[in-house]
Each structure stands twice: as C-alpha cells, then as structure tokens.
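Notes for the one structure printed next.
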Amino acid sequence: DKIFTVYPSAFFTFNPSEKNQFQLSYSRRVDRPGIGQVNPIREWSTQLITSVGNPDLVPQFTNSLEVNYTRRIKGGSITFGTFYRNINDVINRATYKDPSDANNVRQILTFANFDDTDAYGVELSTNYRVTKWWRANASMDYYSQKQFGTTDLSNPNSPTVEVTTNVFNARLSNSFTVSKNLRLQLFAMYRGPREDIQWNAKEMKMVNLGANYSILKGKGNLSFRVNDIFNTMRFKF
C-alpha cells in the first residue's frame with residue numbers, strides 16, 4: 001500500500017513552581033497490523049476454530065488529547081491526568097462462521113477493523129523511592145470506552161451495534177538493591193474485564209520476578225527472569 005500520513009503532535013507545559021507542572025498535549029499515532037495479523041495462511045486449527053490473518057486490514061489511528069498535573073515530592077513524583085482518545089479503524093480479534101463448513105458449526109478466528117472507538121478516563125502514576133534500597137513505579141487508569149461495529153462479519157447487511165464498557169488497569173514495578181552488585185525486580189499487572197463488540201473478555205493478571213548481578217568488576221551482567229510465576233496470565237472470553 002502507498003500511504004502518506006501526517007502525525008502532528010503538540011505539547012504545552014506550564015511550571016508555576018519548582019514542584020508543580022501542568023501539561024496539555026495532543027498527538028496522533030498509528031498502529032499498523034503485524035505480519036501475523038495479515039497473513040492469510042492458516043496458523044492453527046481445532047475441531048471448531050481455524051485461526052487465519054486478514055490481508056485486508058488497514059492501519060489503526062489514534063487521536064489523543066491529554067491534560068496532566070505532576071507534583072514533585074521528596075523521593076519522587078506523582079502525576080494525575082485525564083484523557084480523551086478517538087481511535088479510527090480499530091484492529092481487534094474477530095470471529096465469523098466458516099463459509100466452507102456445510103454443518104455451520106465451525107468458526108474462523110481472525111482480525112478485523114471495527115468502526116471508530118471513543119474513550120475517556122483518568123490516570124494516576126507515581127515514581128517513588130521508598131527507602132535507599134527500594135524504588136517503586138506504580139500506575140493505574142480507569143476509562144470508559146464506546147465502540148461501534150457489527151457482530152456478524154460474514155453478513156454485510158448485519159446492523160451496527162454500540163457497546164459501552166468501563167475498564168480498570170493497574171501496574172506496579174519494584175526495584176530492590178540487595179548489594180552493590182545484586183538488584184532484584186518484582187513486577188505485577190492487572191487488566192480488568194471488558195466488553196467488546198463480539199466478546200466479553202475476562203480479567204488478566206501477571207507477576208514477574210527478575211534479578212541482575214554485576215560481574216567482572218562491572219564489565220558484565222548476569223540476568224535472570226521468570227515471567228508469570230503464578231501461572232495466571234490467561235486470555236479468557
């Protein structure tokens with residue numbers, strides 16, 4: 001595809017004092033489909049579902065308007081913000097009846113562009129040194145999202161439906177300095193349940209643990225990490 005697109009952005013910052021900062025920003029960004037999302041070759045198949053890509057996918061564009069306030073405190077900072085986002089041609093997972101199935105029970109699992117989506121919400125984040133050996137970064141957001149699209153992709157005359165859902169997400173990253181050469185990392189995330197055009201997605205959560213050890217007088221590092229140590233990261237719908 002031959003595509004010419006402009007991505008404007010603007011940031012206005014006001015610092016009334018050394019510890020307070022206000023920022024107003026606008027940006028436009030693109031999320032282009034990956035090779036796995038557009039590849040029409042069957043990726044995997046079960047008795048009821050065949051997974052394939054969609055070569056007709058077009059890029060997803062997001063227009064974002066944000067207002068943030070940052071307060072510097074002893075040991076770090078706290079940021080509170082609110083945002084509005086309009087997303088064009090939303091790329092999302094989609095299912096439809098397999099046209100090659102005479103029994104009408106098999107489904108195709110793929111990706112599709114849905115109609116525009118509007119989202120607005122609030123965000124809270126902090127970067128804080130709890131002690132000399134413990135630093136934490138935390139963030140959470142809560143937003144309302146309104147989506148438009150059709151539930152039956154195999155029927156061009158299927159009516160458009162509107163779905164509104166409220167979502168809560170949270171992330172926590174910790175860094176622990178055990179010694180001059182050893183640092184530990186502990187990361188946790190939670191993604192709340194949400195309702196989409198075709199699916200009701202369940203909540204997702206994960207905890208990761210890592211370590212970094214400096215060797216050869218700082219000339220090298222040994223890293224170790226275990227993702228999802230409680231085996232809870234599941235996409236359920």
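Just so it is clear, the model here is predicted, and its values are computed rather than measured.
- With contacts defined as side-chain heavy-atom distances shorter than 4.5 Å, the pair M233/M204 qualifies.
- Both V163 and F114 belong to a single network of hydrophobic side chains, linked directly or stepwise wherever heavy atoms of I, L, V, M, F, W or Y lie under 4.5 Å apart.
- Following chains of ILVMFWY side-chain contacts shorter than 4.5 Å, one cannot reach F80 starting from F11, and the two form parts of different hydrophobic clusters.
- Side chains of V30 and P59 form a contact here, defined as non-hydrogen atoms less than 4.5 Å apart.
- For the residue pair S139 / S125, no side-chain donor-acceptor distance below 3.5 Å is found, with atom types taken as modelled.
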Original post:
I197 and D115: side chain to side chain contact (heavy atoms under 4.5 Å, CB included), yes or no, with the steps?
Top reply: CA-CA 10 Å; I197 297 296; D115 294 338; over 6 Å; no
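- A continuous path of ILVMFWY side-chain contacts below 4.5 Å connects W134 to L209, so both sit in one hydrophobic cluster.
- Contact check for Y96 versus T110: side-chain heavy atoms found under the 4.5 Å cut-off.
- With hydrogens and angles ignored, the 3.5 Å screen pairs no side-chain donor or acceptor of S25 with any backbone N or O of A10.
- More than 12 heavy atoms of other residues, nucleotides or ligands lie within 6.0 Å of CZ in F22, so this atom counts as buried by the packing criterion.
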Original post:
Could you go step by step and tell me if N137 and S173 meet the side-chain hydrogen bond (donor to acceptor under 3.5 Å, both in side chains) rule?
Top reply: CA-CA 5 Å; N137 290 280; S173 179; 5.1 Å; no
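- The shortest side-chain heavy-atom distance between V207 and L186 falls under the 4.5 Å cut-off.
- Side-chain atoms of Y84 and N63 form no donor-acceptor pair, as typed in the model, at a separation below 3.5 Å.
- Minimum interatomic distance between S144 and T164 (heavy atoms only, all atoms of both residues): OG-CG2, 3.9 Å.
- Minimum interatomic distance between Q60 and I91 (heavy atoms only, all atoms of both residues): OE1-N, 2.8 Å.
- Here N166 contributes atom CG and Q145 contributes atom CD; the two are 10.0 Å apart, rounded to the nearest 0.5 Å.
- Y128 and F176 fall within the same hydrophobic cluster, where Ile, Leu, Val, Met, Phe, Trp and Tyr residues are linked whenever their side-chain heavy atoms come under 4.5 Å apart, directly or through other members.
- Here OG1 of T62 is found 8.0 Å from CG of N86. Values are rounded to the nearest 0.5 Å.
- The structure places CG of L222 at 9.0 Å from OG of S214, a figure rounded to the nearest 0.5 Å.
- Here the side chains of N20 and R71 are in contact, with some heavy-atom distance below 4.5 Å.
- Between F235 and F237, the distance from one ring center to the other falls under 6.0 angstrom.
- Side-chain contact, T79 with T70: a donor N or O sits under 3.5 Å from an acceptor N or O.
- More than 12 heavy atoms of other residues, nucleotides or ligands lie within 6.0 Å of CZ in R93, so this atom counts as buried by the packing criterion.
- In terms of modelled atom types and a separation under 3.5 Å, the side chain of D101 and the main chain of N103 share a donor-acceptor contact.
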**OP:** Take K146 and E162 through the salt bridge (charged side-chain N to carboxylate O under 4.0 Å, His left out) test and state the conclusion after the steps.
**Re:** CA-CA 7 Å; K146 181 180 292 186; E162 175 185 320; 3.8 Å; yes
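- Shown here are the ring-ring contact (aromatic ring centres under 6.0 Å, His included) partners of F168, two or more places apart in sequence or in another chain: there are none.
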**OP:** Just do the salt bridge (charged side-chain N to carboxylate O under 4.0 Å, His left out) check on E66 and R85 with the steps written out, would you?
**Re:** CA-CA 9 Å; E66 301 184 18; R85 296 176 185 139; 3.6 Å; yes
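- L184 and I229 fall within the same hydrophobic cluster, defined by Ile, Leu, Val, Met, Phe, Trp and Tyr side-chain heavy atoms under 4.5 Å apart, directly or through other members.
- Cluster partners of V167, using a side-chain heavy-atom cutoff of under 4.5 Å among ILVMFWY residues and allowing indirect links, are F83, Y143.
- Residues Q185 and S175 have side chains that never bring a donor and an acceptor to within less than 3.5 angstrom of each other.
- By the 4.5 Å heavy-atom criterion applied to side chains, I73 and I78 are counted as neighbours.
- With rounding to the nearest 0.5 angstrom, the CG atom of L124 is 12.5 Å from the OG1 atom of T82.
- Side-chain N or O atoms of T126 include none that pairs as donor or acceptor with a backbone N or O of A138 at under 3.5 Å.
- Within the 3.5 Å criterion, the main-chain N or O of F187 finds no donor-acceptor partner in the side chain of N208.
- Side-chain contact check for K97 versus N104: some heavy-atom pair is nearer than 4.5 Å.
- Taking all atoms of both residues into account, the shortest heavy-atom contact from T131 to R129 is O-CG, 2.9 Å.
- For the residue pair P16 and F14, the shortest heavy atom distance occurs at CD-O, 3.4 Å.
- Distance check: E43 CD to L109 CG gives 9.0 Å after rounding to the nearest 0.5 Å.
- Atom CZ of R42 has 12 or fewer heavy atoms from other residues, nucleotides or ligands within 6.0 Å.
- R72 approaches Q21 most closely through the heavy-atom pair NH2-NE2, 4.2 Å.
- The minimum heavy-atom distance between N54 and A112, with the atom names listed, is ND2-CA, 4.1 Å.
- Here the side chains of F12 and Q23 are not in contact, with every heavy-atom distance at 4.5 Å or above.
- The hydrophobic cluster of F148 has no other members, since no ILVMFWY side-chain heavy atom comes under 4.5 Å of it.
- Here T177 contributes atom OG1 and W133 contributes atom CH2; the two are 9.5 Å apart, rounded to the nearest 0.5 Å.
- With respect to Y26, the side-chain contact (heavy atoms from CB on, under 4.5 Å) criterion is satisfied by exactly one of S64, P8, S9: P8.
- Formation of a donor-acceptor pair under 3.5 Å by the D228 side chain with backbone atoms of T232 is found in this model.
- Salt bridge D98/R106: present, at least one basic N to carboxylate O contact under 4.0 Å.
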